[in-house]
Amino acid sequence: MDWINNFVGGLTAGQQFALFSLLKVVIVIFGAVLPIVAYAVLVERKVSAFIQDRVGPNRSAPFFVKYLPVVGPFLVRLGIFQPLADGLKFILKEDFTPSHVRKVYFWIAPAIAMVPAMLALAVIPFGSTLGNQKMVIADLNVGILYTFGIVSLGVYGLVLAGYASNSKFSFLGGIRSSAQMISYEIAMGMSVIPLFMLVGDLNLSKVIEYQAGTTLGFIPNWLVFKQPIAFVIFLVAAFAETNRLPFDLPEAETELVGGYHTEYSSMKFALFFLGEYTAMVAASAMMVVLFFGGWTLPFAGLDHPAATFIMGFAHIGIFVAKMLALMVVFIWVRWMLPRFRYDQLMDLGWRRFVPLALANIVLTAVVLWAQNAK
Amino acid sequence: MIVKRAKLSFWERLYVPALLGGLQVTWKHFRRTLFGGKAVTMEYPEQKWVVPEGYRGAPYLVRDQTGDTKCVSCQLCEFVCPPKAIKIIPPGPAGQPADRANAEKMPREFEINMLRCIFCGFCQEVCPEEAIFLQRDYSLTGLSRGEMIYDKEKLLALGGTHAGVQKWKDKLDEAKEQETFPVKG
Ligand code: SF4
Ligand code: SF4
């Protein structure tokens, strides 16, 4: 440990910042997000299998499994190795570019779909502190604005894919996604305004601080209890933003073959796929931060920034656990509701949620004003 | 036809009943499958579907009740087979005599290419000797095309004995009955 301390101590503040930011990016993206995405796919397949009375993936077994006596077959049955096989398959598949596509856009669209979802994670505080490092990649004081700015870029990937593919299905998918994502962006953006009116700061770390502690001794101070309407709007809008059922119109298989990614194969398709799940991770993480108290738990002193490494890891664990629970909600809802018709989707977005969000803002403002007037 | 749409109540328009109903149904199935082990999936190589009696699977040659080859190499099945899956080599004039005393000949070689066979059952229907039957095997596998051409020995081994209608035994009994007088009805 000494040489690490000496090495870090020898750096200037700027160099330290760069080093730790890089470390955090690498660890968060490759150590956490990509594995979570891979296994979210597995969980999705397993959960959907159980809901549909099936067994789900239970066959993929790498060669070393036969040396593990009881655990091996059990893991195989759980499908633990399925994501590895899937990944391998995606890499080895032929990367086919149809002759009728617009090549340049066709190639960059998957990247544009994937990157914003990852960038959105940068401002999420996924833990309190480890040592003297804050567990957030970029502690921006305009955190939420950054998120909304970046997330709305995600739609370009889909629109571009739809345009570049030069096929009817992709095109329709692209058009649908643009209308849908832009509409719900508005409801989503307005739904969180009351939160920041309560908190009084746009920095997401401050939002978490605000949610520490309890009311009446047992209800956590989480914003989901103070702003349930905002939460409902945000949740529904998150489904629409991530193209998840019941709002998966851009890729409605029954209508559009594959939607915007009809013409894609191999790793390029995988990027769309990963992008969708990364967006799910980002949306879940965002909801944890905004509505479920981030890395805090209102007991055992877990709602103060950690002083020790163990507490620091505990906070990260709490955050990940909350996030995974929300991911399961995302996955589960897929099997609960049928897909919305397009006009119903638009109706819900513009004529229900936008006015509701506005009313919520006004209501919160009035309540705050009344409280301050006393 | 115009479908009358029922007016939804306020409660229903909030999607709450739909959500609760969806949750109830999905949870019921999830619980049943995960904890009750009620998955409908049949995990194929370990569990196999037992086909019902009379299923038309792979055609095999059968032996009669005394263990003799029933086929008399008439080649009708070869002729009728739509995809030409059957290939019969007759014994020829100097060939091996039939197993059965009351048959003239039997095939020297009898091959069914299971990759071509469409399990139509025409061979079974056309056979005058009731020597070939579609049986209950439905999953035929092999590592090469050659392996999927079943020869006479294999077909006879797989086919077993057909103890149902014993055509020639009945004929023989009938013929014997003709010998005595008065002929029984
Ligand atoms: S079942 Fe039909 S296809 Fe198969 S061998 Fe008999 S006649 Fe030919
Ligand atoms: S199986 Fe039947 S139809 Fe075919 S050659 Fe033999 S006796 Fe004739």
Side-chain angles (χ1 to χ4, degrees), chain A residues 42-61 73-74 76-79 82 187 228-229 231-233 235-237 239-240 244-248 325 328-341 343-345 347-349 351-353 355-356 359, chain B residues 1-53 55 57-58 114-115 136-145 147-148:
Chain A
L42 175 70
V43 171
E44 166 123 48
R45 290 178 67 179
K46 272 292 188 191
V47 168
S48 57
F50 292 143
I51 289 176
Q52 297 174 341
D53 296 351
R54 299 182 284 115
V55 288
N58 65 345
R59 289 297 153 120
S60 50
F74 179 67
V76 169
R77 197 110 196 117
L78 282 183
Q82 189 65 35
I229 298 177
F231 174 66
V232 169
I233 298 172
L235 183 71
V236 175
F239 275 93
R244 295 284 305 179
L245 265 163
F247 304 127
D248 71 334
V328 172
V329 171
F330 267 93
I331 289 168
W332 198 288
V333 166
R334 175 166 181 186
W335 307 104
M336 268 167 53
L337 293 173
R339 182 182 302 128
F340 275 54
R341 220 170 47 215
D343 59 320
Q344 292 172 331
L345 173 87
D347 185 71
L348 191 69
R351 287 185 39 217
R352 304 279 190 278
F353 282 151
L356 195 62
Chain B
M1 191 177 79
I2 296 169
V3 179
K4 264 258 187 298
R5 291 193 185 273
K7 204 106 185 91
L8 298 180
S9 68
F10 175 72
W11 186 239
E12 282 167 331
R13 275 185 287 137
L14 280 180
Y15 296 102
V16 175
L19 276 168
L20 292 181
L23 188 62
Q24 198 188 349
V25 169
T26 45
W27 171 249
K28 196 176 81 194
H29 282 264
F30 184 83
R31 197 197 57 217
R32 265 211 317 234
T33 322
L34 184 60
F35 304 117
K38 289 254 169 65
V40 295
T41 312
M42 180 175 282
E43 293 182 47
Y44 169 60
E46 292 95 31
Q47 301 171 308
K48 284 198 172 115
W49 179 45
V50 181
V51 294
E53 202 61 63
Y55 183 85
M114 293 300 177
L115 292 175
R136 289 160 83 190
D137 280 11
Y138 58 90
S139 125
L140 312 173
T141 52
L143 295 175
S144 67
R145 280 155 203 263
E147 220 173 286
M148 296 305 288

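Only a predicted model underlies this, so the values are computations on that prediction, with no experimental measurement involved. In what follows, every chain begins at residue 1, and chains take the letters A, B, ... in the order their sequences are listed.
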Checklist line | Test of ring centre spacing under 6.0 Å for B:Phe30 and A:Trp335 | finding: no

Notebook entry, point to check: Above 12 or not: heavy atoms from other molecules or residues under 6.0 Å from OH of B:Tyr44?
Noted result: yes

Note to self: Please classify the contact of A:Arg59 with chain B as side chain, backbone, both or neither, using a heavy-atom distance under 4.5 Å.
What the structure shows: side chain

Note to self: Would you say that more than 12 heavy atoms from the other residues, nucleotides or ligands in this model lie under 6.0 Å from the CH2 of B:Trp49, or not?
What the structure shows: yes

Checklist line | Heavy-atom side-chain proximity of B:Leu19 to A:Met336 below 4.5 angstrom | finding: yes

Notebook entry, point to check: Is chain B contacted by the side chain of A:Val333, its backbone, both, or neither, given a heavy-atom distance below 4.5 Å?
Noted result: neither

Notebook entry, point to check: Quick one: of B:Leu23, B:Val25, B:Thr33, B:Thr41, who has the most non-hydrogen atom pairs under 4.5 Å with chain A?
Noted result: B:Thr33

Next item on the list: Check each atom of B:Val40 against the heavy atoms of chain A and say whether the ones under 4.5 Å are side chain, backbone, both or neither.
Entry: both

Notebook entry, point to check: Where is the tightest heavy-atom contact between B:Arg32 and A:Asp53, given as atom of each residue plus distance?
Noted result: NH2-OD2, 3.9 Å

Notebook entry, point to check: With only heavy atoms counted, which part of B:Gln24 is less than 4.5 Å from chain A, the side chain, the backbone, both or neither?
Noted result: neither

Next item on the list: Taking all heavy atoms of A:Ile51 and all of B:Thr26, pick out the closest pair and write down the distance.
Entry: CG2-CG2, 3.6 Å

Notebook entry, point to check: What is the minimum heavy-atom distance between B:Ala39 and A:Val55, and which atoms define it?
Noted result: CB-CG1, 3.6 Å

Notebook entry, point to check: Hey, are the side chains of A:Leu348 and B:Tyr15 touching, using non-hydrogen atoms and a 4.5 Å cut-off?
Noted result: yes

